[in-house]
Amino acid sequence: MGYLYAIIAIIGFTVLGVTYKLSDRLDCDKRQVNLFLFATAAVAVLIWRHGTDFHTHSLLAFVFGITFGTSAFVNITIFRKAVAKGRISTSWTIINLTLIVPVLISALIWREFPAPRHYLGLALTVVAIVLLGIDVGRAKE
Amino acid sequence: MSYRQLLTLSFLLNSLGLVLIKAVGELGLDDADPLIVLLMYSVGSFWAFLYAAIARGPFHRPSLLVGAAAGLGSVAGMVGSLRAAALAPGYVAFPLVYGGSMLLVALAGPVLFKEKIGPYGIAGIVIGAAAITLLSV
(Lines give C-alpha, C1' and ligand atoms only; values in the text may rest on other atoms or scores of the structure.)
Protein backbone atom coordinates (compact mmCIF):
# COMPACT_ATOMS: atom_id res chain seq x y z
CA MET A 1 0.00 0.00 0.00
CA GLY A 2 2.92 2.32 0.78
CA TYR A 3 4.17 1.98 -2.78
CA LEU A 4 0.73 2.88 -4.15
CA TYR A 5 0.85 6.12 -2.14
CA ALA A 6 4.40 6.71 -3.38
CA ILE A 7 3.16 6.41 -6.98
CA ILE A 8 0.30 8.84 -6.19
CA ALA A 9 2.88 11.27 -4.76
CA ILE A 10 5.15 10.93 -7.80
CA ILE A 11 2.22 11.57 -10.16
CA GLY A 12 1.05 14.53 -8.01
CA PHE A 13 4.43 16.26 -7.86
CA THR A 14 5.02 15.57 -11.57
CA VAL A 15 1.66 17.13 -12.48
CA LEU A 16 2.52 20.14 -10.30
CA GLY A 17 5.92 20.50 -12.01
CA VAL A 18 4.56 20.11 -15.54
CA THR A 19 1.78 22.66 -15.00
CA TYR A 20 4.40 25.39 -14.46
CA LYS A 21 5.54 25.07 -18.07
CA LEU A 22 2.06 24.20 -19.35
CA SER A 23 0.64 27.49 -18.01
CA ASP A 24 3.36 29.28 -19.91
CA ARG A 25 2.75 27.39 -23.18
CA LEU A 26 -1.04 27.87 -22.95
CA ASP A 27 -0.46 31.58 -22.35
CA CYS A 28 -2.43 31.39 -19.09
CA ASP A 29 -3.04 34.30 -16.75
CA LYS A 30 -0.43 33.37 -14.14
CA ARG A 31 -2.20 35.27 -11.36
CA GLN A 32 -5.39 33.27 -12.00
CA VAL A 33 -3.42 30.00 -12.18
CA ASN A 34 -1.93 30.71 -8.74
CA LEU A 35 -5.35 31.60 -7.32
CA PHE A 36 -6.96 28.38 -8.61
CA LEU A 37 -3.94 26.35 -7.46
CA PHE A 38 -4.22 27.52 -3.84
CA ALA A 39 -8.04 27.52 -3.76
CA THR A 40 -8.31 23.98 -5.20
CA ALA A 41 -5.64 22.74 -2.80
CA ALA A 42 -7.41 24.34 0.21
CA VAL A 43 -10.69 22.64 -0.75
CA ALA A 44 -8.88 19.33 -1.37
CA VAL A 45 -7.29 19.50 2.12
CA LEU A 46 -10.70 20.16 3.68
CA ILE A 47 -12.11 17.10 1.87
CA TRP A 48 -9.05 14.96 2.78
CA ARG A 49 -9.22 15.97 6.44
CA HIS A 50 -13.02 15.81 6.64
CA GLY A 51 -13.97 15.31 10.28
CA THR A 52 -10.60 16.52 11.59
CA ASP A 53 -10.66 18.89 14.53
CA PHE A 54 -8.55 21.83 13.38
CA HIS A 55 -8.81 23.51 16.76
CA THR A 56 -5.52 24.25 18.50
CA HIS A 57 -4.36 26.43 21.37
CA SER A 58 -0.96 26.87 19.83
CA LEU A 59 -0.41 30.40 18.58
CA LEU A 60 2.81 29.15 17.04
CA ALA A 61 0.83 26.84 14.71
CA PHE A 62 -1.02 29.88 13.35
CA VAL A 63 2.24 31.79 12.93
CA PHE A 64 3.77 28.85 11.02
CA GLY A 65 0.66 28.38 8.85
CA ILE A 66 0.53 32.07 7.89
CA THR A 67 4.30 32.17 7.25
CA PHE A 68 4.12 28.99 5.13
CA GLY A 69 1.20 30.37 3.10
CA THR A 70 2.85 33.73 2.47
CA SER A 71 6.23 32.27 1.53
CA ALA A 72 4.56 29.59 -0.65
CA PHE A 73 2.60 32.27 -2.54
CA VAL A 74 5.71 34.41 -3.13
CA ASN A 75 7.79 31.35 -4.04
CA ILE A 76 5.26 29.96 -6.54
CA THR A 77 4.83 33.39 -8.16
CA ILE A 78 8.60 33.82 -8.54
CA PHE A 79 9.22 30.25 -9.72
CA ARG A 80 6.47 30.59 -12.35
CA LYS A 81 8.23 33.72 -13.68
CA ALA A 82 11.57 31.85 -13.71
CA VAL A 83 10.13 28.88 -15.63
CA ALA A 84 8.67 31.30 -18.20
CA LYS A 85 12.23 32.48 -18.88
CA GLY A 86 13.99 29.11 -18.70
CA ARG A 87 13.50 25.37 -18.93
CA ILE A 88 11.32 23.35 -16.55
CA SER A 89 13.70 20.37 -16.67
CA THR A 90 16.67 22.22 -15.17
CA SER A 91 14.61 24.67 -13.03
CA TRP A 92 12.70 21.83 -11.31
CA THR A 93 15.94 19.92 -10.66
CA ILE A 94 17.59 22.97 -9.08
CA ILE A 95 14.57 23.63 -6.85
CA ASN A 96 14.48 20.00 -5.69
CA LEU A 97 18.12 20.31 -4.68
CA THR A 98 17.02 22.63 -1.84
CA LEU A 99 16.87 19.37 0.13
CA ILE A 100 20.52 20.18 0.93
CA VAL A 101 19.47 23.12 3.15
CA PRO A 102 17.50 21.31 5.92
CA VAL A 103 20.33 18.76 6.13
CA LEU A 104 22.85 21.57 6.70
CA ILE A 105 20.56 23.53 9.06
CA SER A 106 19.80 20.38 11.07
CA ALA A 107 23.53 19.88 11.58
CA LEU A 108 24.14 23.51 12.54
CA ILE A 109 21.10 24.18 14.76
CA TRP A 110 19.89 20.80 16.03
CA ARG A 111 23.29 19.07 15.98
CA GLU A 112 21.97 16.24 13.80
CA PHE A 113 25.18 15.40 12.02
CA PRO A 114 24.83 13.82 8.58
CA ALA A 115 25.70 10.17 7.92
CA PRO A 116 28.52 9.46 5.43
CA ARG A 117 25.99 8.92 2.61
CA HIS A 118 24.59 12.41 3.33
CA TYR A 119 28.06 13.94 2.91
CA LEU A 120 28.25 12.23 -0.49
CA GLY A 121 24.75 13.58 -1.29
CA LEU A 122 25.83 17.11 -0.27
CA ALA A 123 28.93 16.89 -2.48
CA LEU A 124 26.88 15.59 -5.43
CA THR A 125 24.36 18.43 -4.91
CA VAL A 126 27.12 21.00 -5.29
CA VAL A 127 28.38 19.23 -8.44
CA ALA A 128 24.83 19.08 -9.87
CA ILE A 129 24.19 22.79 -9.17
CA VAL A 130 27.51 23.74 -10.85
CA LEU A 131 26.71 21.57 -13.91
CA LEU A 132 23.16 22.94 -14.19
CA GLY A 133 24.52 26.47 -13.79
CA ILE A 134 26.92 25.87 -16.72
CA ASP A 135 24.03 24.45 -18.77
CA VAL A 136 21.85 27.51 -18.02
CA GLY A 137 24.73 29.80 -19.04
CA ARG A 138 25.29 27.89 -22.30
CA ALA A 139 21.58 27.94 -23.15
CA LYS A 140 21.64 31.75 -22.98
CA GLU A 141 24.62 31.99 -25.41
CA MET B 1 14.89 40.13 -12.97
CA SER B 2 16.95 37.57 -14.85
CA TYR B 3 16.25 33.83 -14.93
CA ARG B 4 19.22 33.18 -12.62
CA GLN B 5 18.07 35.80 -10.10
CA LEU B 6 14.49 34.49 -10.06
CA LEU B 7 15.67 30.90 -9.65
CA THR B 8 18.08 31.86 -6.86
CA LEU B 9 15.29 33.68 -5.02
CA SER B 10 12.98 30.71 -5.47
CA PHE B 11 15.75 28.37 -4.24
CA LEU B 12 16.12 30.47 -1.06
CA LEU B 13 12.35 30.61 -0.43
CA ASN B 14 11.99 26.87 -0.99
CA SER B 15 14.85 26.33 1.46
CA LEU B 16 13.06 28.51 4.02
CA GLY B 17 9.93 26.35 3.60
CA LEU B 18 11.90 23.14 4.21
CA VAL B 19 13.59 24.61 7.29
CA LEU B 20 10.17 25.67 8.65
CA ILE B 21 8.86 22.12 8.09
CA LYS B 22 11.81 20.82 10.09
CA ALA B 23 11.12 23.42 12.80
CA VAL B 24 7.47 22.32 13.06
CA GLY B 25 8.65 18.83 14.01
CA GLU B 26 11.37 20.08 16.37
CA LEU B 27 8.93 22.38 18.20
CA GLY B 28 6.47 19.53 18.77
CA LEU B 29 3.77 21.00 16.54
CA ASP B 30 3.13 17.73 14.66
CA ASP B 31 -0.41 17.54 16.08
CA ALA B 32 -1.23 20.86 14.44
CA ASP B 33 -0.12 19.63 10.99
CA PRO B 34 -3.64 19.58 9.45
CA LEU B 35 -4.28 23.17 10.61
CA ILE B 36 -0.87 24.36 9.36
CA VAL B 37 -1.43 22.77 5.92
CA LEU B 38 -4.96 24.21 5.68
CA LEU B 39 -3.70 27.64 6.75
CA MET B 40 -0.87 27.47 4.22
CA TYR B 41 -3.23 26.94 1.27
CA SER B 42 -5.86 29.36 2.64
CA VAL B 43 -3.36 32.18 3.24
CA GLY B 44 -1.86 31.46 -0.19
CA SER B 45 -5.39 31.74 -1.67
CA PHE B 46 -5.87 35.07 0.09
CA TRP B 47 -2.66 36.59 -1.35
CA ALA B 48 -3.31 35.05 -4.78
CA PHE B 49 -6.85 36.50 -4.77
CA LEU B 50 -5.52 39.98 -3.94
CA TYR B 51 -2.81 39.65 -6.61
CA ALA B 52 -5.35 38.56 -9.26
CA ALA B 53 -7.90 41.19 -8.19
CA ILE B 54 -5.38 44.00 -8.69
CA ALA B 55 -4.88 42.95 -12.33
CA ARG B 56 -8.63 42.60 -12.97
CA GLY B 57 -7.95 40.40 -15.97
CA PRO B 58 -10.85 38.63 -17.74
CA PHE B 59 -11.64 35.12 -16.54
CA HIS B 60 -9.46 32.64 -18.42
CA ARG B 61 -10.79 29.06 -18.50
CA PRO B 62 -7.45 27.30 -19.26
CA SER B 63 -5.93 29.12 -16.26
CA LEU B 64 -8.63 27.59 -14.04
CA LEU B 65 -8.00 24.08 -15.39
CA VAL B 66 -4.20 24.33 -15.15
CA GLY B 67 -4.40 25.91 -11.68
CA ALA B 68 -6.84 23.25 -10.43
CA ALA B 69 -4.59 20.46 -11.80
CA ALA B 70 -1.59 22.06 -10.06
CA GLY B 71 -3.52 22.36 -6.78
CA LEU B 72 -4.64 18.72 -6.90
CA GLY B 73 -1.10 17.69 -7.83
CA SER B 74 0.29 19.60 -4.88
CA VAL B 75 -2.09 17.97 -2.38
CA ALA B 76 -1.76 14.49 -3.95
CA GLY B 77 2.03 14.82 -3.76
CA MET B 78 1.96 15.94 -0.15
CA VAL B 79 -0.64 13.40 1.06
CA GLY B 80 0.91 10.59 -0.99
CA SER B 81 4.41 11.20 0.35
CA LEU B 82 3.16 11.43 3.95
CA ARG B 83 1.18 8.19 3.67
CA ALA B 84 3.99 6.44 1.77
CA ALA B 85 6.47 7.41 4.48
CA ALA B 86 4.09 6.03 7.12
CA LEU B 87 3.49 2.71 5.35
CA ALA B 88 6.79 2.02 3.57
CA PRO B 89 10.37 2.31 4.85
CA GLY B 90 11.56 5.92 4.70
CA TYR B 91 14.71 4.91 2.82
CA VAL B 92 12.46 3.65 0.02
CA ALA B 93 9.56 6.14 0.10
CA PHE B 94 11.45 9.47 0.08
CA PRO B 95 14.05 8.71 -2.63
CA LEU B 96 11.31 7.10 -4.75
CA VAL B 97 8.97 10.09 -4.47
CA TYR B 98 11.44 12.98 -4.74
CA GLY B 99 13.94 11.36 -7.13
CA GLY B 100 11.12 9.88 -9.24
CA SER B 101 9.11 13.08 -9.66
CA MET B 102 12.29 15.08 -10.33
CA LEU B 103 13.35 12.73 -13.12
CA LEU B 104 9.82 12.61 -14.62
CA VAL B 105 9.55 16.43 -14.75
CA ALA B 106 13.08 16.61 -16.21
CA LEU B 107 11.97 14.09 -18.83
CA ALA B 108 8.75 16.02 -19.53
CA GLY B 109 10.83 19.07 -20.56
CA PRO B 110 12.28 17.57 -23.74
CA VAL B 111 9.38 15.14 -24.42
CA LEU B 112 6.35 17.43 -23.94
CA PHE B 113 7.82 20.89 -24.38
CA LYS B 114 10.66 20.16 -26.84
CA GLU B 115 13.25 21.67 -24.49
CA LYS B 116 16.85 21.08 -25.52
CA ILE B 117 19.11 20.01 -22.67
CA GLY B 118 22.86 20.08 -23.18
CA PRO B 119 25.32 17.44 -21.88
CA TYR B 120 26.01 19.51 -18.76
CA GLY B 121 22.28 19.72 -18.06
CA ILE B 122 21.77 15.96 -18.50
CA ALA B 123 24.73 15.24 -16.22
CA GLY B 124 23.39 17.76 -13.68
CA ILE B 125 19.92 16.15 -13.65
CA VAL B 126 21.30 12.60 -13.25
CA ILE B 127 23.76 13.64 -10.51
CA GLY B 128 21.01 15.73 -8.87
CA ALA B 129 18.68 12.71 -8.76
CA ALA B 130 21.47 10.64 -7.20
CA ALA B 131 22.12 13.43 -4.64
CA ILE B 132 18.44 13.64 -3.68
CA THR B 133 18.29 9.86 -3.30
CA LEU B 134 21.29 9.93 -0.94
CA LEU B 135 20.04 12.96 1.03
CA SER B 136 16.53 11.62 1.54
CA VAL B 137 17.57 8.16 2.79
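Throughout, a chain's letter reflects where its sequence line sits, starting with A, and its residues are numbered from 1. This structure is a prediction, so every number in the text was calculated from the model and none was measured. Below, each value reflects all heavy atoms present in this structure, side chains not excepted, and no hydrogens, waters or symmetry copies.
Applying the side-chain hydrogen bond (donor to acceptor under 3.5 Å, both in side chains) rule to B:Asn14 yields the partners A:Asn75, A:Thr98; only residues at least two apart in sequence or on another chain are considered. The side-chain contact (heavy atoms from CB on, under 4.5 Å) check on B:Val43 picks up A:Ile66, A:Thr70, B:Leu39, B:Trp47, with sequence neighbours excluded.
Both the backbone and the side chain of A:Val33 have a heavy atom closer than 4.5 Å to some heavy atom of chain B. With a 4.5 Å cut-off on non-hydrogen atoms, A:Asp27 touches chain B through its backbone but not through its side chain. Only the side chain of A:Ile129 comes within contact range of chain B, judged by heavy atoms closer than 4.5 Å. Contacts between B:Val75 and chain A at a heavy-atom distance below 4.5 Å involve the side chain alone, from C-beta outward. With a 4.5 angstrom heavy-atom cutoff, A:Tyr5 touches chain B via backbone and side-chain atoms both. Using a 4.5 Å cut-off between heavy atoms, A:Val74 contacts chain B through both its backbone and its side chain.
No option in A:Leu124, A:Thr125, A:Leu132 other than A:Leu124 meets the side-chain contact (heavy atoms from CB on, under 4.5 Å) test with B:Ile127.
The shortest non-hydrogen separation linking A:Thr19 to B:Ala69 is CG2-CB, 4.2 Å. Here the shortest heavy-atom pairing between B:Ser101 and A:Trp92 reads O-NE1, 4.0 Å. The two atoms that bring B:Glu115 and A:Ser89 nearest to each other are OE1-OG, 2.8 Å, heavy atoms only. Heavy-atom minimum distance, A:Ala9 versus B:Ser81: CB-N, 3.4 Å. Minimum heavy-atom separation, B:Leu6 to A:Lys85: CD1-CD, 4.0 Å.
At a threshold of 4.5 Å between side-chain heavy atoms, the hydrophobic network of Ile, Leu, Val, Met, Phe, Trp and Tyr places A:Ile7 and B:Leu104 in two separate groups.
Counting heavy atoms from C-beta outward, B:Phe46 and A:Phe38 have side chains that stay 4.5 Å or more apart. Side-chain contact check for B:Leu9 versus A:Phe79: every heavy-atom pair is 4.5 Å or farther apart. Residues B:Leu18 and A:Val101 are not in side-chain contact: their nearest non-hydrogen atoms beyond the backbone lie 4.5 Å or more apart. Looking at heavy atoms from C-beta onward, B:Leu35 lies in side-chain contact with A:Phe62 at the 4.5 angstrom threshold.
Top candidate by heavy-atom pairs under 4.5 Å with chain A, chosen from B:Gly99, B:Gly109, B:Ala76, is B:Ala76. Interface check for chain B: of the options A:Val18, A:Asn96, A:Val83, A:Leu4, the most heavy-atom pairs under 4.5 Å are formed by A:Asn96. Each of B:Gly44, B:Ala106, B:Gly73 has some count of heavy-atom pairs under 4.5 Å with chain A, and the biggest count is that of B:Gly44. Interface summary for chain A: among B:Val79, B:Ile122, B:Leu16, B:Leu50, the most heavy-atom pairs under 4.5 angstrom belong to B:Val79. Annotation: maximal heavy-atom pairing with chain B below 4.5 Å, among A:Val130, A:Val63, A:Ile95, occurs at A:Ile95. Heavy-atom pairs under 4.5 Å with chain B were tallied for A:Ile94, A:Leu26, A:Asn34; the largest tally goes to A:Ile94. Of the listed residues (B:Pro62, B:Ser15, B:Ala123, B:Gly128), the greatest number of heavy-atom pairs within a distance under 4.5 Å of chain A belongs to B:Ser15. With chain B as the partner, the residue from A:Gly17, A:Ser91, A:Ala39, A:Ala123 showing the most heavy-atom pairs under 4.5 Å is A:Ser91. Interface remark: of the candidates B:Met78, B:Met40, B:Arg61, B:Met40 forms the most heavy-atom pairs closer than 4.5 Å to chain A. Of the listed residues (A:Ser71, A:Gly86, A:Ala84, A:Ala44), the one with the most heavy-atom contacts under 4.5 Å to chain B is A:Gly86. Top candidate by heavy-atom pairs under 4.5 Å with chain B, chosen from A:Val15, A:Thr93, A:Thr90, is A:Thr93. Among B:Ala53, B:Ser10, B:Ala130, B:Ala84, the residue with the largest count of heavy-atom pairs under 4.5 Å with chain A is B:Ser10.
No side-chain donor-acceptor contact under 3.5 Å links A:Asp135 to the backbone of B:Tyr120. Side chain of A:Gln32 to backbone of B:Pro58: a donor-acceptor contact under 3.5 angstrom is found. Between the B:Ser63 side chain and the A:Asp29 main chain, a donor and an acceptor come within less than 3.5 Å of each other.
With rounding to the nearest 0.5 Å, the separation of CH2 in A:Trp48 from CZ in B:Arg83 is 8.5 Å. For the atom pair B:Leu72 CG and A:Thr40 OG1, the distance stands at 6.0 Å (nearest 0.5 Å).
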side-chain contact (heavy atoms from CB on, under 4.5 Å) between B:Val105 and A:Lys21, worked out: CA-CA 10 Å; B:Val105 173; A:Lys21 199 66 192 176; over 6 Å; no
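Enclosure of atom NZ in A:Lys81 is not indicated, since only 12 or fewer non-hydrogen atoms of other residues, nucleotides or ligands lie within 6.0 angstrom. More than 12 heavy atoms of other residues, nucleotides or ligands lie within 6.0 Å of CZ in B:Phe113, so this atom counts as buried by the packing criterion.
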